[in-house]
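Atoms within each ligand, like the ligands themselves, are counted from 1 in listed order. What's counted below: heavy atoms across the whole structure, side chains too, no hydrogens, waters or symmetry copies.
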Amino acid sequence: MRFAKIRKMDISNGPGVRVSIFFQGCPFHCKNCFNPETWDFNGGEEYTKEVKERVLDLAQFSHIKGLSILGGEPLDDKNIEGALELAKSFKERYPDKTIWLWTGNLFENKKDKEIMKYLDVLVDGPYQDEKRDPRLKWKGSSNQRVIDVKKSLEKGSVVLYED
Ligand code: SF4
């Protein structure tokens with residue numbers, strides 16, 4: 001699998017200062033996607049064990065509040081194993097830091113995936129340009145949802161994340 005980029009101090013994707021990784025490859029091709037260079041599954045750079053360790057090491061500082069996983073599509077079949085391994089290792093090493101993940105899929109279709117056990121927040125749904133609203137926090141269009149994963153799994157239905 002491949003990745004597009006890593007940000008060592010990201011203040012736009014989730015609360016606080018975070019480390020973020022953008023996985024490479026997305027099948028959705030949403031109109032006016034903010035990141036079309038991540039669509040090609042053969043683009044970007046190879047995601048290796050060293051890359052994973054680099055991401056984990058970047059999060060060691062106390063000002064880093066968590067990890068944000070974006071794309072591309074991290075929950076695509078080609079990316080989900082790598083995303084799972086990263087999320088699992090991150091939570092083992094930093095149990096008090098949060099993991100946020102952005103997907104074009106819906107929570108209902110992915111809730112049984114193992115990775116959900118390690119996520120705090122899932123921002124789900126494809127970007128829909130006709131529902132674009134720049135005032136929205138952490139999402140681009142109003143159809144998308146900022147979901148509290150732990151509460152949603154407990155309840156068995158979507159519970160939205162509250163600041
Ligand atoms: S799901 Fe995200 S990365 Fe994929 S095309 Fe839509 S906006 Fe772009």
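- Among protein heavy atoms, the minimum distance from atom 2 (Fe) of ligand 1 is reached at F34 CE2, 4.1 Å.
- When distances to atom 8 (Fe) of ligand 1 are checked against a cut-off of 2.8 Å, C33 contributes an N, O or S atom below that limit.
- Taking the six-membered ring for Trp and thresholds of 30 and 60 degrees, F23 and Y47 have ring planes more than 60 degrees apart, a perpendicular arrangement.
- Among protein heavy atoms, the minimum distance from atom 7 (S) of ligand 1 is reached at Y127 CB, 3.6 Å.
- Considering CG of D57 and CZ of R93, their distance stands at 4.5 Å, rounded to 0.5 Å.
- With no hydrogens or angles considered, a side-chain donor-acceptor pair links D129 and Y127 at under 3.5 Å.
- A donor-acceptor contact under 3.5 angstrom links the side chains of D10 and N13, judged on distance only.
- Under a 4.0 Å heavy-atom criterion, G72 is in contact with ligand 1.
- Of the listed residues (L160, V123, L136, D163), just one forms a side chain to side chain contact (heavy atoms under 4.5 Å, CB included) with V146, and that residue is V123.
- When each atom of ligand 1 is checked for a heavy atom of W39 under 4.0 Å away, the hits are 5 (S), 8 (Fe).
- Neither the backbone nor the side chain of W102 has a heavy atom within less than 4.0 Å of ligand 1.
- Atom 6 (Fe) of ligand 1 has no N, O or S atom of C26 under 2.8 Å away, backbone or side chain.
- Classification of R145 and D124 as a salt-bridged pair holds, one side-chain N sitting under 4.0 Å from a carboxylate O.
- With Y118 as the aromatic partner, K88 does not meet the cation-pi criteria of under 6.0 angstrom to the ring centre and within 45 degrees of the ring axis.
- Contact annotation: for H29 versus ligand 1, heavy atoms closer than 4.0 Å belong to the backbone alone.
- Looking only at heavy atoms of the protein, atom 5 (S) of ligand 1 is closest to C30 N, 3.1 Å.
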